Peer 1: 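I am attaching a structure below and will ask some questions about it afterwards.
All heavy atoms count here, side chains included; hydrogens, waters and symmetry mates do not. Here the structure is a predicted model, which is why all the values come from computation and not from measurement.
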Amino acid sequence: MAYFILKSLILGPLLRLIFRPWVRGMQNIPASGPVILASNHLSFSDSIFLPLQSRRPVVFLAKSEYFTGKGIKGALTRWFFKATGQLPIDRSGGKASEASLNTGLKVLAQGQVLGIYPEGTRSPDGRLYRGRTGIARMVLEAKVPILPVAMIDTEKVQPIGKRLPRVRRIGIIVGEPLDFSKWYGREDDPVAIREATDYAMDALTALLEQIRGEKAP
């Protein structure tokens with residue numbers, strides 16, 4: 001209910017009015033069934049704009065710090081992430097990484113849309129960095145569709161270190177499903193995992209290059 005109210009009645013209309021997001025390829029997200037949205041990560045606001053534009057709720061695996069903040073800001077952030085169905089994960093590595101993978105697989109097993117950032121953290125300068133292998137491990141284990149998603153100019157809305165957002169137009173491009181079948185059955189092969197990860201990042205790079213030199217709609 002909180003998700004519906006925020007998206008349809010409060011945040012959705014307000015953010016569309018202020019930031020006028022333009023979107024391409026949203027029809028590529030299937031109407032039902034599990035799917036992974038693999039996005040570049042430029043700003044905290046990525047986890048807001050993408051779910052608001054998606055026809056279906058998107059569950060992100062959010063860093064646990066968003067759920068443990070202090071004071072009014074911490075309480076509001078925690079409420080927002082819980083209300084929109086986001087799940088806390090520990091990014092310290094080792095067993096924590098395995099737990100995060102299992103959390104993502106549970107979301108997919110429930111037939112939901114899972115949003116992940118293959119780079120593992122926000123880009124400090126807007127460039128796309130090498131992907132971490134968790135994305136490949138997840139898609140080879142779950143064998144679900146994965147769509148690359150390019151977020152455009154969200155770092156201009158809320159640059160790293162800035163608390164208050166700036167009014168800038170942003171864009172979202174959703175690519176077509178990627179085919180990972182050549183790596184099925186090689187979930188324990190480090191070479192295959194790395195190849196599959198690079199394949200996903202190459203597709204994301206191609207989406208980002210589509211907009212270079214173009215004028216936003």
Side-chain angles (χ1 to χ4, degrees), residues 3 6-29 35-63 65-66 73 76-77 80-81 84-86 91 113-132 135 146-178 197-217:
Y3 186 97
L6 284 172
K7 178 176 180 177
S8 303
L9 303 179
I10 301 177
L11 274 183
L14 181 62
L15 294 182
R16 279 190 287 271
L17 177 65
I18 295 174
F19 298 101
R20 300 180 299 120
W22 56 269
V23 181
R24 297 178 184 171
M26 199 60 71
Q27 73 278 1
N28 290 327
I29 300 177
V35 63
I36 296 174
L37 303 182
S39 171
N40 62 322
H41 194 16
L42 303 175
S43 166
F44 170 84
S45 61
D46 295 331
S47 299
I48 299 175
F49 286 117
L50 180 54
L52 287 177
Q53 294 302 311
S54 171
R55 297 173 299 171
R56 298 172 58 189
V58 181
V59 177
F60 275 97
L61 303 182
K63 63 181 181 179
E65 289 85 346
Y66 287 141
K73 179 183 177 182
L76 289 174
T77 301
F80 174 82
F81 275 83
T84 54
Q86 313 312 306
R91 303 190 303 175
V113 179
L114 176 66
I116 61 176
Y117 300 117
E119 296 166 279
T121 188
R122 283 183 292 180
S123 171
D125 54 15
R127 293 185 298 171
L128 187 67
Y129 284 78
R130 196 181 196 205
R132 298 187 179 182
I135 180 176
I146 179 170
L147 311 179
V149 178
M151 303 299 296
I152 310 296
D153 290 338
T154 53
E155 78 281 10
K156 297 177 181 178
V157 171
Q158 194 169 20
I160 295 176
K162 299 294 183 180
R163 294 185 177 183
L164 297 178
R166 302 170 179 174
V167 177
R168 299 287 190 277
R169 196 174 189 196
I170 65 99
I172 303 172
I173 305 176
V174 181
E176 297 182 353
L178 303 178
T197 301
D198 291 343
Y199 168 65
M201 300 307 292
D202 288 345
L204 187 47
T205 298
L207 276 187
L208 291 168
E209 289 179 345
Q210 282 185 15
I211 199 61
R212 291 176 182 170
E214 296 183 20
K215 185 177 180 180

Peer 1: Do Ile152 and Trp22 have side chains that get closer than 4.5 Å, going by heavy atoms?
Peer 2: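 In contact.
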Peer 1: For Ser45, which residues count as a side chain to side chain donor-acceptor pair (under 3.5 Å) partner, sequence neighbours excluded?
Peer 2: Ser43
Peer 1: Can you name the nearest heavy-atom pair linking Tyr117 to Ser47, along with the distance?
Peer 2: OH-OG, 2.7 Å
Peer 1: Hey, does Ser54 have a side-chain heavy atom less than 4.5 Å from the side chain of Leu52?
Peer 2: no
Peer 1: Of all the heavy-atom pairs spanning Lys156 and Arg168, show the shortest one and how long it is.
Peer 2: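 Here Lys156 and Arg168 meet closest at O-CG, 3.6 Å.
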Peer 1: Evaluate the ring planes of Phe19 and Phe49, with Trp represented by its six-membered ring, and classify them as parallel (under 30°), tilted (30 to 60°) or perpendicular (over 60°).
Peer 2: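 If you compare the ring of Phe19 with that of Phe49, the planes turn out perpendicular.
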Peer 1: Go through the structure and list residues passing side chain to side chain contact (heavy atoms under 4.5 Å, CB included) with Val149, not counting sequence neighbours.
Peer 2: Leu37, Ser39, Leu50, Met151, Ile172, Val174
Peer 1: Answer whether the closest heavy-atom distance between the side chains of Phe44 and Arg122 falls below 4.5 Å.
Peer 2: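 Phe44 reaches Arg122 side chain to side chain.
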Peer 1: Please enumerate all residues that pass side chain to side chain donor-acceptor pair (under 3.5 Å) together with Asp46, with sequence neighbours excluded.
Peer 2: His41, Thr154
Peer 1: Under the rule for side chain to side chain contact (heavy atoms under 4.5 Å, CB included), what residues qualify as partners of Pro148, not counting sequence neighbours?
Peer 2: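 Residues passing side chain to side chain contact (heavy atoms under 4.5 Å, CB included) with Pro148: Leu178, Ala203, Leu204, Leu207.
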Peer 1: Is it the case that the side chain of Glu155 and the backbone of Leu42 share a donor-acceptor pair, with hydrogens and angles ignored and the cut-off at 3.5 Å?
Peer 2: no
Peer 1: Please name the pair of heavy atoms, one in Ile135 and one in Ala38, separated by the smallest distance, quoted to 0.1 Å.
Peer 2: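 Shortest heavy-atom separation between Ile135 and Ala38 comes out as CD1-CB, 3.5 Å.
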Peer 1: For Arg166, enumerate each residue passing the side chain to side chain donor-acceptor pair (under 3.5 Å) test, keeping only those at least two apart in sequence or located in another chain.
Peer 2: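 Side chain to side chain donor-acceptor pair (under 3.5 Å) list for Arg166, sorted by chain: empty.
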Peer 1: Minimum heavy-atom separation for Pro124 to Tyr129, with atom names?
Peer 2: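 Looks like CD-CE1, 3.9 Å.
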Peer 1: Is any side-chain heavy atom of Ile29 less than 4.5 Å from a side-chain heavy atom of Val58?
Peer 2: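 They are not in contact (no side-chain heavy atoms under 4.5 Å apart), so the answer is no.
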Peer 1: What is the minimum heavy-atom distance between Gln27 and Arg55, and which atoms define it?
Peer 2: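 It is O-NH2, 3.8 Å.
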Peer 1: Among all residues two or more places apart in sequence or in another chain, which pass the side chain to side chain contact (heavy atoms under 4.5 Å, CB included) test with Asp202?
Peer 2: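 So Asp202 forms no side chain to side chain contact (heavy atoms under 4.5 Å, CB included) with any residue.
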